[in-house]
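In what follows, a structure is listed as structure tokens, so that the remarks can point back to it.
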Protein chains: 2
Amino acid sequence: MRDEVKTPYGGAVPDTPDPISEAHRQWSARWPEHADHMAAVTSVMRAQQLLLSRIEAVLKPHGLTFAAYEALRLLAFTRTGTLPMGKMGTRLMVHPASVTNVIGRLERRGLVGRAPSPDDRRVVLATITPAGRDLAEEATVALNEAGFGIAALPAERAAEITAALRAVRVSVGELSDE
Amino acid sequence: MRDEVKTPYGGAVPDTPDPISEAHRQWSARWPEHADHMAAVTSVMRAQQLLLSRIEAVLKPHGLTFAAYEALRLLAFTRTGTLPMGKMGTRLMVHPASVTNVIGRLERRGLVGRAPSPDDRRVVLATITPAGRDLAEEATVALNEAGFGIAALPAERAAEITAALRAVRVSVGELSDE
DNA sequence: GGAAACTATTTTAACTTCCAAATATTGGAT
DNA sequence: ATCCAATATTTGGAAGTTAAAATAGTTTCC
């Protein structure tokens, strides 16, 4: 009886020992000075894919995608539980259209309410409902218990990743160097 | 005259100095033992978003998305320029349906051809055309020149990222520890 | 030789993202 | 007072993703 783990696709298994080292070698042959950059970018892409797939698996039983979870958590972390749509886009760093989309779906499920701002009628305020708060809390507990998909990774390794990637954010100008 | 860079959304600017440190602080207050994992995962997500947006900006003038570029490059790197659809999915680590999708679009543009395998008629072979090769080469040069979106990052920093993320791939079981 | 099991690809359907183009609303300059 | 430029959100459309089901072809094993 085979085990048949039913991996979601983020868990697909490569057919070479380490596809990234492999690609690095290939690149080195023709563009040696760019091979490290290529490998770093590919690593980020692949890590993101793996992590996202694990996180969504944790969230799925709670009926949330990662995008929905982030939106809900953002509102839950706000004192009043309310934020203008535009502000949410900035904080989550996603396109305004995406915010409209996610909040629309959360609204239909009664997890978030939507109302025009009294101060500026162009602005729409999203507000988390009690049900939304409960779900956010529940999902957060689940994610923590799952160690965000990398429970097996020692905390120091995790911190190294954050540090190494800070350089990317700085280089791209998201962060001031300081 | 303001500069108005017209940032694609990956380039949105946060409104706090470092949103990730911020989140780490928030998390530490309630779930100290998970804060590092949370921050690492968030960093990967954010870095991916930033890099993808820069890379797609480089690719756009050539009429390619990143997914399309990867498929084309994979074929171009093959000696014969031909690969079964399934194999492409494995190599690129994407769902078979995505391969069908991307190859379909490339085929319509004459960059790739498609034909059933003579050996096994379940199998469909994708083959890069001369036009496809030219475009792949052109796009690769552009990406190299742009340093894959992180030209400003010293090669050593790039290598650190690859090393740090290898731990994720190992922890998730994509790679054997060796 | 034929039924059953497995494999490869495509289709369908549900989501997500982003961009570009409306639509409103506000606020500043004349 | 009004016109014009900026701002906030939504809509519509192209792409990409995955899961699940449908189709077709191959193998395996009595």
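Order of the sequence lines fixes the chain letters, A, B, ..., with proteins taken first and strands second; residue numbering starts at 1 for each chain. What you see below is based on every heavy atom in this structure, not just the backbone, and it leaves out hydrogens, waters and symmetry mates.
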Item to check | Main-chain N/O of A:T80 paired to A:T78 side chain as donor or acceptor, under 3.5 Å | outcome: no
Checklist entry - Checking A:H95 side chain against A:A97 main chain: does a donor-acceptor pair fall under 3.5 Å? => result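 A pair under 3.5 Å: yes.
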Taking [atom1] from [X] and [atom2] from [N], how many angstroms apart are they, rounded to a whole number?
X	N	atom1	atom2	value
B:L50	C:dT17	CG	P	16 Å
A:D119	C:dT25	CG	C1'	13 Å
B:M93	D:dT18	CE	C1'	17 Å
A:N101	D:dG12	CG	C1'	12 Å
B:M85	C:dT11	CE	C1'	13 Å
A:M88	D:dT7	CE	P	21 Å
B:H95	C:dA13	NE2	C1'	13 Å

Could you list, one pair per line, each protein nitrogen or oxygen that sits under 3.5 Å from a nitrogen or oxygen of nucleotides 21-25 of chain D, together with the distance?
{"unit_1": "D:dG25", "atom_1": "N2", "unit_2": "B:R122", "atom_2": "NH1", "d": "3.0"}

Checklist entry - Between B:S98 and D:dT17, does any side-chain N or O lie under 4.0 Å from OP1 or OP2? => result yes
Item to check | No-hydrogen, no-angle side-chain donor-acceptor test under 3.5 Å, A:N144 and B:W27 | outcome: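 The criterion, which ignores hydrogens and geometry beyond distance, is satisfied for B:W27 and A:N144.
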Checklist outcome for this item: Note: for A:A97 and A:K60 on DNA chain D, the residue whose nearest nucleotide lies more 5' is A:A97
Checklist entry - Mapping A:G86 and B:P118 onto DNA chain D by nearest heavy atom, which one lands closer to the 5' end? => result A:G86
Item to check | Nucleic acid contacts of residues 62-76 of chain A, taken as heavy-atom distances under 4.0 Å to DNA chain C | outcome: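 Those residues are A:T65, A:A67.
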Next on the checklist: According to side chain to side chain donor-acceptor pair (under 3.5 Å), who are the partners of B:D134, at least two apart in sequence or on a separate chain?
Outcome noted: none
